[in-house]
Amino acid sequence: LLSSVSTPSRAQSQSAQDSQSVERSDSTCLNCHNNPTITSIFGTAHGNASIPGSPLASGGCSTCHGDSSNHSQAMQSPGVVFGDGSSRFSASTTELQNQTCLNCHESSETVHWTASPHQAADLSCAGCHTIHASQSAALDELRDASICLSCHLEQRSELNRRSHHPVREGLMTCNDCHNPHGSDAVALLARSSINETCTSCHAEMRGPFLWEHQPVNEDCSTCHNSHGSTQNALLSMRQPFLCQTCHSEAFHPSSLYSGTGIPPAGAQQNLLGSSCTSCHSTVHGSNHPSGSRLTR
Amino acid sequence: AQTSTIEIGAAYASDDSYRFGQYSGITDKGAFGIGGFQLENTPGADDNRYWTITGKNLGLEIASLSANYRRWGEFSFSLNYDQLPHYRFNDGFTPFLGSGSVVQTLPSAWVGAGSTAGFTALSSNLNQVNIDKQRERITSALKWRLNPNWELMGEFRHETKQGNEVLGAIFGITGGNPRGSLIARPVDYQMDELTVGVTYARRRTQYTLSYNTLRFGNDNKALRFDNPFNNVQWAAGANFSDGAVGQIGLEPDNVSSQLMFSGAHSFGSATRLSGSIISTTLEQDDSYLPYSSVFSASTPLPQDDLNGEVDSLLSNLKLSTRLSRRGNLNLRYKYRERDNKTPQAIYLRIPGDATTQGGLISSRARVNRIYDLERENYAADLTYRFSGATRLAVGIEFEETDRSMLDVATTEEDSVFAKLNFKPSTLSSAWIKLSSSERDASSYDGSIPFIAGHNPDYIATLVGNELFENDPLLRRWHLTDRERNELSASFNFFPSDQIGVSLLAILAEDDYPDAKIGLQESEKSSYAIDLTYTPDSNWNASVYYNFDNYQNKQAGYARRGGGNPTPFFPESVRLPGNNWLLNSEDTVNSIGAAVEWTLIPNRLDLELDTSYMDAETEIRPFSFGQTFLPLPDVTTEITSISLSLDYQLRDDRALSFGYYFERFQSNDYAMDGAGVGSLNNILLLGNQSPDYAAHFISASLRMSF
């Protein structure tokens with residue numbers, strides 16, 4: 001709702017189909033394809049002849065669609081058919097489609113596309129990007145989550161939970177953490193590791209501390225589910241039981257916590273309030289000389 | 001040419017609800033103005049200059065502003081400002097004055113006692129506590145293409161986070177029982193990040209060299225708080241006086257520097273080699289706080305600050321080659337090293353602020369553990385395309401991790417996977433994937449972290465079964481042997497051009513066969529179904545359903561008994577009745593539906609988006625000898641309805657109407673019914689689990705020019 005209130009529409013912004021552009025383009029193609037769905041490209045960088053190296057500046061439609069002389073003369077398939085194809089022409093292979101894009105776009109952000117999970121899944125560039133549109137959803141920061149979540153159904157569920165990063169609210173995007181075009185890191189992370197990704201916003205937790213909590217510096221996802229959780233603070237399990245998977249010291253860490261510790265049967269400090277972190281409040285690390293038990 | 005819009009309007013929130021404002025900032029009932037704008041130019045055919053100035057969500061705490069200028073193909077610059085609120089609750093209470101500040105005192109009328117039951121002045125001295133934070137961020141990015149091959153880039157981010165957060169402030173410990181309070185601590189962070197880099201790109205070769213530095217600053221280094229307890233039998237030797245002040249450390253400043261080189265080269269059209277190497281240094285040297293705010297320590301600190309430094313190195317190498325028209329082979333190598341260069345020393349800790357300092361030959365003589373890690377990962381996968389869309393991918397992976405000062409020195413993990421993509425018919429596609437891995441720990445010795453964390457002279461006074469923090473039978477799940485299996489499958493079906501069906505199923509399990517204590521099993525099952533209906537360009541509809549279930553099984557041994565440290569005994573002489581089991585299960589159902597409908601072409605559009613989420617956490621403890629009762633289920637239900645109408649009055653005028661409803665219901669035994677004084681030894685805030693319903697309506701006029 002808030003996004004709809006405050007995101008000015010660009011529906012009427014497609015005014016660049018000026019005759020000058022059309023004249024500069026491949027007039028043979030436009031004899032048949034002169035409709036807004038196609039000519040909207042003249043409002044984009046791809047359709048701007050003044051940009052060095054742009055498709056229009058380089059060779060017009062055939063820069064991307066390949067040699068299409070048989071298409072124009074005999075209504076055969078053009079050299080490259082993007083997306084899912086049409087009722088008349090089958091789509092080109094994903095590899096051919098993507099290589100067409102990579103011919104110009106294989107730079108810093110896409111340098112790791114080859115052998116990336118999305119490439120392995122046979123995902124085409126056109127699967128996310130609408131090339132001819134002046135406003136592609138994949139380039140709209142408020143909408144790109146919907147594209148990702150149309151395939152990542154598990155993450156969609158996680159982002160709906162009580163504790164979640166504000167992706168569905170439009171205040172974060174998937175791209176804040178991930179690079180869908182390929183990465184050297186796990187899960188297509190844009191930064192080099194899970195921890196570097198998390199602490200780029202939560203830098204207070206990265207230390208180095210005098211007293212480290214070892215799982216914290218190795219992998220935040222040991223305790224947290226980054227997309228969302230049914231527990232508070234994105235925890236993957238509930239306290240104190242999460243803590244007890246790794247801590248069984250004598251006395252309270254090894255005790256069995258149950259309904260005897262909540263009202264009316266009782267009141268146990270490991271079950272009420274902030275549970276273990278009521279006392280071990282510096283759970284991500286402490287720099288206090290007396291903080292070896294992460295209580296200071 | 002310019003095509004710009006300005007939108008102004010009003011909105012109304014029906015209810016006061018702090019939690020509704022969690023990420024919206026709308027916490028109070030009432031009316032307010034809203035607005036947004038986007039000013040832009042649309043370049044003509046001979047013009048590659050493009051700029052936009054945008055304001056979104058103006059009038060709200062999630063407002064953002066951005067300005068972008070680019071000369072396509074040559075240069076781009078952006079400047080952005082945005083906010084991110086995080087409201088948690090406003091129904092907490094505390095007797096402390098100065099809540100949210102670094103000095104929190106008790107009222108003069110405060111009556112201390114050994115436990116909260118004796119706090120006779122508590123109820124008459126409670127002050128409301130709001131817990132919230134506000135993040136503000138300014139970012140700027142520049143890209144400048146010097147020529148077709150070289151490009152410079154720079155990014156800057158300044159970010160602040162201010163507000164407060166819940167913190168457990170512990171004063172003293174008596175016989176293992178702490179005395180403390182949950183309080184609202186201040187949050188006043190700053191982050192400054194700068195990245196500069198240069199990219200060289202040609203048809204077959206791309207290289208990037210970049211430098212990044214991120215500096216974190218915290219204006220608050222410590223929090224001092226009055227001790228609400230007195231007349232407590234503090235640990236032997238303590239002689240603090242009632243009314244003493246406790247002190248807890250807050251996060252120190254830190255700074256990182258990172259140098260990264262990445263590159264790729266294609267050998268012909270069939271082979272590509274890519275990789276990266278990233279070197280990072282993280283430092284921290286804030287001055288230490290004293291051991292105690294009550295006592296002057298008899299043994300001084302070994303150094304004035306940590307002088308902490310952690311160096312890390314990441315390197316990746318990937319070779320991808322097409323073996324034939326049908327086959328692709330990928331080979332990967334990854335290396336990760338964490339080298340903690342922080343100096344070690346002996347610290348004579350004072351638990352809480354209420355006991356005297358122990359001697360060098362005692363359990364309180366602690367040595368800071370500096371954890372190192374070294375990991376190597378080798379992987380290979382082969383994809384073979386059969387006829388049509390059928391392709392089979394198989395892969396293997398080997399990972400070896402060495403860690404210092406932990407229960408396990410080395411783990412080795414072997415993984416395999418196979419994934420088959422196929423088209424059962426011309427109208428459908430599917431894949432099925434099976435993966436399996438096995439992790440072996442070199443040996444498990446729980447005494448290693450204990451020995452590494454104490455004064456060697458103290459360690460020399462102990463015998464074998466005293467050299468443990470944790471039960472020797474515990475197997476920490478992220479270190480121990482593990483068998484992992486996962487089966488997942490997806491099916492997409494398009495019975496017509498108008499209808500799409502997607503199904504997803506994931507079944508996964510982790511077993512920890514050596515864990516007599518600790519996490520023993522984890523299982524996950526997830527199912528999802530999506531239906532989309534797109535009858536024509538005027539409207540489309542979609543519905544989805546997700547079911548997720550997570551189960552964990554863990555075991556423990558309730559260990560009590562005298563001695564410091566408490567010796568652990570072999571399994572053969574343990575009391576069977578002290579064993580316990582606990583099964584926890586999370587079940588989540590999510591349902592959603594959305595409609596986009598052009599009711600009148602070029603005139604009236606409608607969007608409807610609804611969702612419902614129901615989550616339930618069941619915890620089932622069991623023991624033959626320990627007293628137990630079931631715990632109530634923790635539940636959350638969230639219902640949301642979003643409806644928007646956009647009516648185009650004329651080409652340059654449109655009216656937008658919006659309605660949003662959110663219902664949040666939850667039950668959580670950790671909060672519900674727990675008052676400020678419900679625990680004997682810890683003062684709580686007494687906040688309850690969220691439960692609200694909120695309506696939000698808006699109307700706005702959008703003008704284009």
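Among E283(B), R366(B), R272(B), M153(B), the residue with the largest count of heavy-atom pairs under 4.5 Å with chain A is R272(B). Contact count versus chain B (heavy atoms, under 4.5 Å) is highest, among E95(A), E158(A), M205(A), for E95(A). Options G352(B), S320(B), G263(B) differ in how many heavy-atom pairs under 4.5 Å they form with chain A, and the most are formed by G352(B). Contact count versus chain A (heavy atoms, under 4.5 Å) is highest, among K334(B), R369(B), R391(B), for R391(B). Counting heavy-atom pairs under 4.5 Å between each of L301(B), T280(B), D586(B), L373(B) and chain A puts D586(B) at the top. Top candidate by heavy-atom pairs under 4.5 Å with chain A, chosen from L685(B), D381(B), T617(B), is T617(B). If you tally non-hydrogen atom pairs under 4.5 Å between each of T383(B), N546(B), I248(B), N340(B) and chain A, the highest count goes to N546(B).
Within the 4.5 angstrom heavy-atom criterion, atoms from both the backbone and the side chain of L271(A) approach chain B. If you measure heavy-atom distances from Y257(A) to chain B, the contacts under 4.5 Å come from the backbone alone. Heavy-atom distances place the side chain of Y189(B), and not its backbone, under 4.5 Å from chain A. For S276(B), the parts sitting under 4.5 Å from any heavy atom of chain A are the backbone and the side chain alike. In this structure, the portions of A115(A) lying under 4.5 Å from any heavy atom of chain B include both its backbone and its side chain. The contact between W580(B) and chain A is made entirely by side chain atoms (from C-beta outward), counting heavy-atom distances below 4.5 Å. With a 4.5 Å cut-off on non-hydrogen atoms, L182(B) touches chain A through its side chain but not through its backbone. Heavy atoms closer than 4.5 Å to chain B are found in the backbone of T199(A), but not in its side chain. Only the side chain of N232(A) has a heavy atom closer than 4.5 Å to any heavy atom of chain B. Using a 4.5 Å cut-off between heavy atoms, A674(B) contacts chain A through its side chain alone, with no backbone atom that close. If you measure heavy-atom distances from P148(B) to chain A, you find no contacts under 4.5 Å at all.
In summary, D530(B) and R156(A) engage in a salt bridge, as defined by a charged side-chain N under 4.0 Å from a carboxylate O. By the 4.0 Å N-to-carboxylate-O rule, E218(A) lies too far from R476(B) to be salt-bridged with it. Ion pair D548(B)/R161(A) flagged as a salt bridge, since at least one NZ, NE, NH1 or NH2 atom sits closer than 4.0 Å to an Asp/Glu carboxylate oxygen.
The side-chain heavy atoms of I682(B) and C279(A), taken from C-beta on, include a pair separated by under 4.5 Å.
Between N160(A) and S590(B), the side chains place no donor N or O within less than 3.5 Å of an acceptor N or O (distance only, hydrogens not considered). In this structure, a donor-acceptor pair under 3.5 Å is absent between the side chains of E204(A) and N218(B). When only modelled atom types and interatomic distance are considered, H478(B) and Q214(A) share a side-chain donor-acceptor pair under 3.5 Å.
Note that R296(A) lies outside the cation-pi zone of Y288(B), set by a 6.0 Å cut-off to the ring centre and a 45° limit from the axis. R559(B) forms no cation-pi arrangement with F251(A), by the criterion of a distance under 6.0 Å to the ring centre and an angle within 45° of the ring axis.
In terms of modelled atom types and a separation under 3.5 Å, the side chain of S290(A) and the main chain of I350(B) share a donor-acceptor contact. Between the side chain of Q554(B) and the main chain of F241(A), a donor-acceptor pair closer than 3.5 Å is present. Side-chain N or O atoms of R206(A) include none that pairs as donor or acceptor with a backbone N or O of L282(B) at under 3.5 Å. Between the side chain of N254(B) and the main chain of A203(A), a donor-acceptor pair closer than 3.5 Å is present. No donor-acceptor pair closer than 3.5 Å links the side chain of K318(B) to the backbone N or O of S116(A).
Checked options L474(B), N470(B), D471(B); the residue passing with E249(A) is N470(B) (criterion: side chain to side chain contact (heavy atoms under 4.5 Å, CB included)).
Less than 6.0 angstrom separates the ring centroid of Y23(B) from the ring centroid of H164(A).
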Problem - Audit row: H213(A), Y371(B), ring-ring contact (aromatic ring centres under 6.0 Å, His included) steps and yes/no - result: CA-CA 9 Å; H213(A) 190 188; Y371(B) 298 107; 9.1 Å; no
